2 protein chains.
Amino acid sequence: MSDVRENILATGQRIIAGKGFSGVGLNEILATAGVPKGSFYHYFGSKEAFGEAMLESYFEEYLAELDRTLNQPAQTMAERLMNYWQDWQDNQVSFDCQGKCLAVKLGAEVADLSEAMRLALKRGTAGIIERLAKAIETGMKEGSLSIDGDPYSTAQSLYQLWLGASVMVKIVRTKQPFETAMRTTRQVLNLST
Amino acid sequence: MSDVRENILATGQRIIAGKGFSGVGLNEILATAGVPKGSFYHYFGSKEAFGEAMLESYFEEYLAELDRTLNQPAQTMAERLMNYWQDWQDNQVSFDCQGKCLAVKLGAEVADLSEAMRLALKRGTAGIIERLAKAIETGMKEGSLSIDGDPYSTAQSLYQLWLGASVMVKIVRTKQPFETAMRTTRQVLNLST
DNA sequence: TATCTATATTAGACCGGTCGTATTTTAATT
DNA sequence: AATTAAAATACGACCGGTCTAATATAGATA
């Protein structure tokens, strides 16, 4: 991959995570990245195609990091899961509660706008929930946590809860919604408060 | 209130619920409403001020409907609450999962964009959670439901859960996330499945 | 080394749309 | 009839994504 392309992707991701997809023009992204405007269409077919590629690369990195967190040795699965939520909170609270999670920022905006980007979001979030479900299942077997219902539904519920909490954090500009989500999460996994 | 103003508000709300705030220009809204461009700035100081007024009027209506639902006689509070979630689901699933809830659609997009609109969202969502908390408290007293923890935290958690579920519904274009949310909701309120 | 070809890259213009404003026309009220 | 409020128009300066045409670069051939 050309590093010009990578540069456009990384810069665009940063800016779009703050202002949204429709709220940012290619001009700003390219100027910030130091890439001439004319070059853009050499690397991407359209703004939409760029958005799709951006989501793709975002989730690739996200899932790699998630795998790392969920495979930390010398920890129970319950601990690893709680570390994941803690990381989510820390990341999302940084920079005045304008976290950089693209599922949070773009989910509602982009799903109705572009089928390609919607599907990228779908693939990415499915990957996250799948990993969480597997982790919960493992945690049950090792006995570090227990749940009512099946692991997949539980993983789904928890992801939805944190997605919603992240939106609320943006709205109230306090990490308080995350504290509630954290307590509910412990409750759902039957962990000590 | 002038009905021209009301017309702009209603039309804008409909279109923005579909395309987002940055994704729609005043031209489209005004053309659809049949209102000349110049009139807009007689009623609203700017696009942002319009957005704030739109959110204000949206939540006003939303809260009135919520009050109606939560005050239905001849039902337990548990039943009224479950009716609320059911209405949420029905509304959000309509039109190809492009529901018309502005908290879902605009929360993440607009909170980082405009302080005035962020505060309008904050006031509106606070009103919803407050009413849900009161309803949960009443339900506990009458014995139709029971919870772990305090009513306000529970209300918050449930609202976050449904907010997140709504984003996921937009992404996967299936009502399945709502089914999970519904089950979790019954579980949290200790209701029979 | 010099020339030709093919590909990678970029400059710049295009047209349509953005929000906002200044000005004129219409209506209502005193 | 005078004054004020409401509505309509047209326009301005600017920015949006897109595309074509021109340039630069690299590789191959002689």
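All values derive from a computational prediction rather than experimental measurement.
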**Message:** Is a donor from one side chain sitting under 3.5 angstrom from an acceptor on the other, for B:E79 and B:N83?
**Reply:** no
**Whether A:E109 side chain and A:S22 backbone form a donor-acceptor pair below 3.5 Å** = yes
**A:K47 to A:Y41 six-membered ring, cation-pi geometry met (6.0 Å, 45°)** = no
**Request:** Starting from P on C:dA11, measure out to CG on A:L30 and report it in whole angstrom.
**Result:** 12 Å
**Prompt:** Are the side chain of B:E48 and the backbone N or O of B:M117 linked by a donor-acceptor pair below 3.5 Å?
**Reply:** no
**Request:** Step through it carefully: locate the ring centre of B:W85, locate the ring centre of B:Y159, and say whether they are under 6.0 Å apart.
**Result:** no
**Message:** Across nucleotides 11-22 of chain D, 5' to 3', mark each nucleotide with B, S or - according to how protein heavy atoms within less than 4.0 Å reach it.
**Reply:** -----SBB----
**Prompt:** Between C:dT9 and A:S39, is there an OP1 or OP2 to side-chain N/O distance shorter than 4.0 Å?
**Reply:** no
**Message:** Without decimals, in angstroms, what is the distance between B:H42 NE2 and D:dA10 P?
**Reply:** 20 Å
**Message:** Taking only side-chain N and O atoms of A:Y43, does any of them lie within less than 4.0 angstrom of OP1 or OP2 on C:dA8?
**Reply:** no
**Message:** Classify the ring geometry of A:W88 against A:Y84: parallel below 30°, tilted from 30° to 60°, perpendicular beyond 60°.
**Reply:** perpendicular
**Item:** Ion pair A:K170/B:D112, N-O distance below 4.0 Å
**Value:** yes
**Stem segments of DNA chain D by first residue number [Watson-Crick or G-U, under 3.5 Å, at least 3]** = C:1-24 with D:7-30, C:26-29 with D:2-5
**Message:** Quick check: do B:S166 and B:F178 have side-chain heavy atoms less than 4.5 Å from each other?
**Reply:** yes
**Message:** I'd like to know if B:K19 and B:E28 make a salt bridge, using a cut-off of under 4.0 Å between side-chain N and carboxylate O.
**Reply:** yes
**Request:** Would you mind checking if A:K134 and A:E137 are paired as a salt bridge, meaning a charged N to carboxylate O distance below 4.0 Å?
**Result:** no
**Fill in**
Taken to the nearest whole Å, CD1/B:I8 to P/D:dA6 is 13 Å
**Asked** Quick one: does B:R131's side chain have a donor or acceptor within less than 3.5 Å of a partner on B:D67's backbone?
**Response** no
Output one line per pair: protein atom, nucleotide atom from nucleotides 24-27 of chain D, and distance, for all N/O pairs under 3.5 Å.
none

